[in-house]
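Let me begin by presenting the structure, written as structure tokens, before commenting on it.
Index from 1, following the sequence. Order of appearance sets the numbers: ligands from 1, and atoms from 1 within every ligand.
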Amino acid sequence: MSPAGATMSSGKPSKKRKQPVSAPPESDSEPEESVYDTASDDEEEMQELEQVSDEEEEEEEEGAQAQEQEEGIDGKEEEEVEVKERPKKEKKEKKGVKKGKEEKKEKKKGEGTGILTNKLFSELPISELTASAIKEMNYTHLTQIQARSIPHLLEGKDVMGAAKTGSGKTLAFLIPAIELLYQLHFSSRNGTGVIVVCPTRELAIQTYNVAKELMKNHSQTLGFVIGGNNRRSEADQLARGVNLLVATPGRLLDHLQNTKGFIYKRLKVEKFAKLSFEKNEESKEKPVYVGVDDDKSKDYIVQYDPPDEPKDYIHRVGRTARGDKGKGSALLFLLPQELRFLIYLKAARVTLTEYEFSQKHVPNLQSHLDVAASFCFTNPPKVNLDLESSASKHRKKMRKVVGRGMVSAPQILTEGKTRMVVINGSLQDSREEHSLSGVL
Ligand SMILES: Nc1ncnc2c1ncn2[C@@H]1O[C@H](COP(=O)(O)OP(=O)(O)OP(=O)(O)O)[C@@H](O)[C@H]1O
């Protein structure tokens with residue numbers, strides 16, 4: 001599997017999966033055993049693995065479908081796309097809606113509006129093992145990024161995908177990755193054939209969870225290596241053979257350099273050694289570029305402090321309003337000296353409504369945040385709104401620069417209605433994201 005397949009992975013904190021798997025513990029604790037013990041006595045020669053296609057150079061025309069199926073893969077027959085065969089959540093039309101409105105809705109459905117297309121997963125030339133897992137996850141129709149990238153990836157092409165957060169990129173690269181491992185009869189003794197690189201450990205765990213669901217019927221092995229975990233136990237797992245590995249870059253590099261039992265000879269690891277997402281764009285091999293610009297509303301995100309980069313703000317906000325017809329809002333706290341951040345948001349065309357709160361309201365917010373946190377955590381994180389003792393490095397630095405000891409009126413920017421809360425708050429002295437499904 002070409003590493004380019006991993007370029008679509010941007011991770012996914014706190015999304016609600018329809019059929020949650022036994023998730024690894026929260027990011028503060030030691031994740032569970034992350035490798036399935038599914039070693040088989042597959043007699044296939046390693047030469048077969050040479051077929052892993054990361055040598056493709058030709059750019060495919062966009063929209064091309066994967067027509068040819070590899071031998072041994074259980075394909076599914078083409079099905080007629082029916083408007084009625086939408087996901088359950090879309091099926092029900094509200095009673096009492098005017099006829100004209102209904103007709104309009106039906107028309108829209110038929111056109112494959114939103115992030116979902118009319119293309120069905122059952123039309124994909126994938127194994128029954130993967131297809132049944134997808135079915136159990138209740139996915140019927142592909143999202144746009146999935147419909148436009150999966151066929152290319154199934155053919156072994158490199159794809160560089162770009163679509164908004166929550167648009168289904170994870171399945172877009174995981175399904176073909178799993179299929180390729182399956183087609184090549186990967187077993188644990190073959191080592192790693194796919195590496196998905198995620199920028200944060202939380203995103204890696206989320207991706208791992210999706211992969212775990214998708215691979216439930218497969219014999220191929222799965223695991224993850226992430227910063228902060230026990231290196232030794234990860235090394236042991238790698239030595240046992242992890243076919244699909246989800247990783248954060250630093251820890252991956254560490255294992256690539258230091259873990260003797262880590263078999264990755266079928267991968268072009270020199271790419272990983274130099275890995276940066278930007279560098280992928282400079283790759284001489286021409287990947288198929290799939291860009292999807294989809295439209296959706298937001299759920300609710302609370303950010304206690306501004307990120308270093310405006311694009312991180314957008315990524316954080318994209319933690320919610322996931323999938324088709326997602327809705328939500330974003331709430332950002334800014335100190336007066338941080339208002340400059342708004343310039344960048346405006347340049348990025350982020351629409352904002354601004355509210356100013358006096359200092360005396362801050363303690364009330366603090367108690368709400370504590371309650372919200374306690375809903376979802378056995379050990380709720382301390383979300384400290386005490387601006388003076390705030391642990392955020394960034395804020396400390398900012399205050400130093402500004403030379404002010406006191407902060408009087410934090411600004412709150414909000415948009416839309418509350419449905420879900422993600423607090424990106426200061427956790428004592430470390431900055432970590434915490435996902436809450438409570439309501440503020
Ligand atoms: N075909 C589909 N039909 C319905 N829901 C889907 C489909 N594909 C993905 N989803 C759901 O949409 C949500 C977002 O998907 P996903 O996490 O893959 O987005 P993403 O593009 O990777 O986001 P990010 O860039 O923020 O990581 C998830 O909850 C997922 O379960």
Side-chain angles (χ1 to χ4, degrees), residues 5-21 23 81 85-91 109 112-124 126 130-131 133-150 153 159-178 196-214 246 277 290-299 301 311-328 330 419-420 422 424 433 435 437:
T7 59
M8 283 198 291
S9 174
S10 57
K12 42 238 68 288
S14 187
K15 29 185 126 156
K16 287 186 175 175
R17 301 285 169 202
K18 287 163 190 148
Q19 298 208 347
V21 292
V81 177
E85 290 183 10
R86 305 294 292 179
K88 278 181 190 168
K89 60 182 176 183
E90 287 182 66
K91 271 185 178 174
K109 281 182 179 179
T113 54
I115 64 168
L116 289 181
T117 66
N118 285 331
K119 190 170 173 66
L120 295 163
F121 281 107
S122 54
E123 296 172 31
L124 290 175
I126 55 175
T130 306
I134 294 170
K135 205 171 170 185
E136 279 185 44
M137 292 162 88
N138 289 327
Y139 299 133
T140 53
H141 292 71
L142 279 76
T143 65
Q144 291 185 34
I145 186 69
Q146 291 161 0
R148 293 173 67 182
S149 57
I150 290 176
L153 288 165
V159 169
M160 184 177 291
K164 286 183 180 175
T165 57
S167 55
K169 294 188 291 293
T170 316
L171 291 184
F173 64 80
L174 279 181
I175 290 171
I178 292 163
V196 178
V197 183
C198 299
T200 68
R201 40 184 285 164
E202 187 178 21
L203 308 187
I205 290 170
Q206 296 274 347
T207 304
Y208 166 84
N209 277 335
V210 180
K212 191 171 177 181
E213 286 187 84
L214 285 171
V246 184
F277 291 104
V290 176
V292 172
D293 187 17
D294 32 57
D295 184 34
K296 61 189 177 309
S297 54
K298 306 176 188 70
D299 267 319
I301 302 288
K311 68 178 179 186
D312 290 341
Y313 167 86
I314 292 165
H315 191 73
R316 284 180 185 176
V317 168
R319 295 302 84 211
T320 187
R322 320 286 296 167
D324 186 44
K325 305 207 189 306
K327 283 183 182 173
R419 278 189 55 204
M420 187 181 205
V422 175
N424 185 355
E433 279 193 348
S435 303
S437 56

Using non-hydrogen atoms of the residue, decide whether Ala163 is closer than 4.0 angstrom to ligand 1.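 Checking ligand 1 against Ala163, which is what was asked, there is no heavy-atom contact under 4.0 Å.
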Using distance alone, decide if ligand 1 has a nitrogen or oxygen within less than 3.5 Å of any nitrogen or oxygen in Leu142. no
Are any of the N or O atoms of Thr165 closer than 3.5 Å to those of ligand 1? no
With heavy atoms of [X] as the reference, note each atom of ligand 1 found under 4.0 Å away.
X: Thr143; value: 1 (N), 2 (C), 7 (C), 8 (N)
X: Thr170; value: 16 (P), 17 (O), 18 (O), 22 (O)
X: Tyr139; value: 2 (C), 3 (N), 4 (C), 5 (N), 6 (C), 7 (C), 10 (N), 30 (C), 31 (O)
X: Phe121; value: 1 (N)
X: Leu171; value: 8 (N)
X: Ser167; value: 19 (O), 20 (P), 21 (O)

Checking side-chain contact (heavy atoms from CB on, under 4.5 Å) for the pair Met137/Val210: CA distance, chi angles, key distance, verdict? CA-CA 10 Å; Met137 292 162 88; Val210 180; 4.2 Å; yes
Gap between atom [atom2] of [Y] and atom [atom1] of [X] - 0.5 Å precision:
X: Tyr139; Y: Glu213; atom1: OH; atom2: CD; result: 6.5 Å
X: Thr207; Y: Glu202; atom1: OG1; atom2: CD; result: 10.5 Å
X: Leu214; Y: Ile178; atom1: CG; atom2: CD1; result: 4.5 Å
X: Thr143; Y: Ile150; atom1: OG1; atom2: CD1; result: 7.5 Å

Per-residue contact class, Lys164 against ligand 1 - non-hydrogen pairs under 4.0 Å: backbone
Can you tell which part of Ile145 has a heavy atom less than 4.0 Å from ligand 1: side chain, backbone, both or neither?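 Under 4.0 Å from ligand 1, Ile145 contributes no heavy atoms.
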For Ile134 and Ile126, what are the C-alpha separation, side-chain angles and deciding distance, and is it a side-chain contact (heavy atoms from CB on, under 4.5 Å)? CA-CA 11 Å; Ile134 294 170; Ile126 55 175; 3.7 Å; yes
Donor-acceptor under 3.5 Å (Lys169 side chain, Ala163 main chain):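 Side chain of Lys169 to backbone of Ala163: a pair is present.
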Steps toward side-chain contact (heavy atoms from CB on, under 4.5 Å) verdict (Leu124, Leu142): CA-CA 10 Å; Leu124 290 175; Leu142 279 76; 4.1 Å; yes
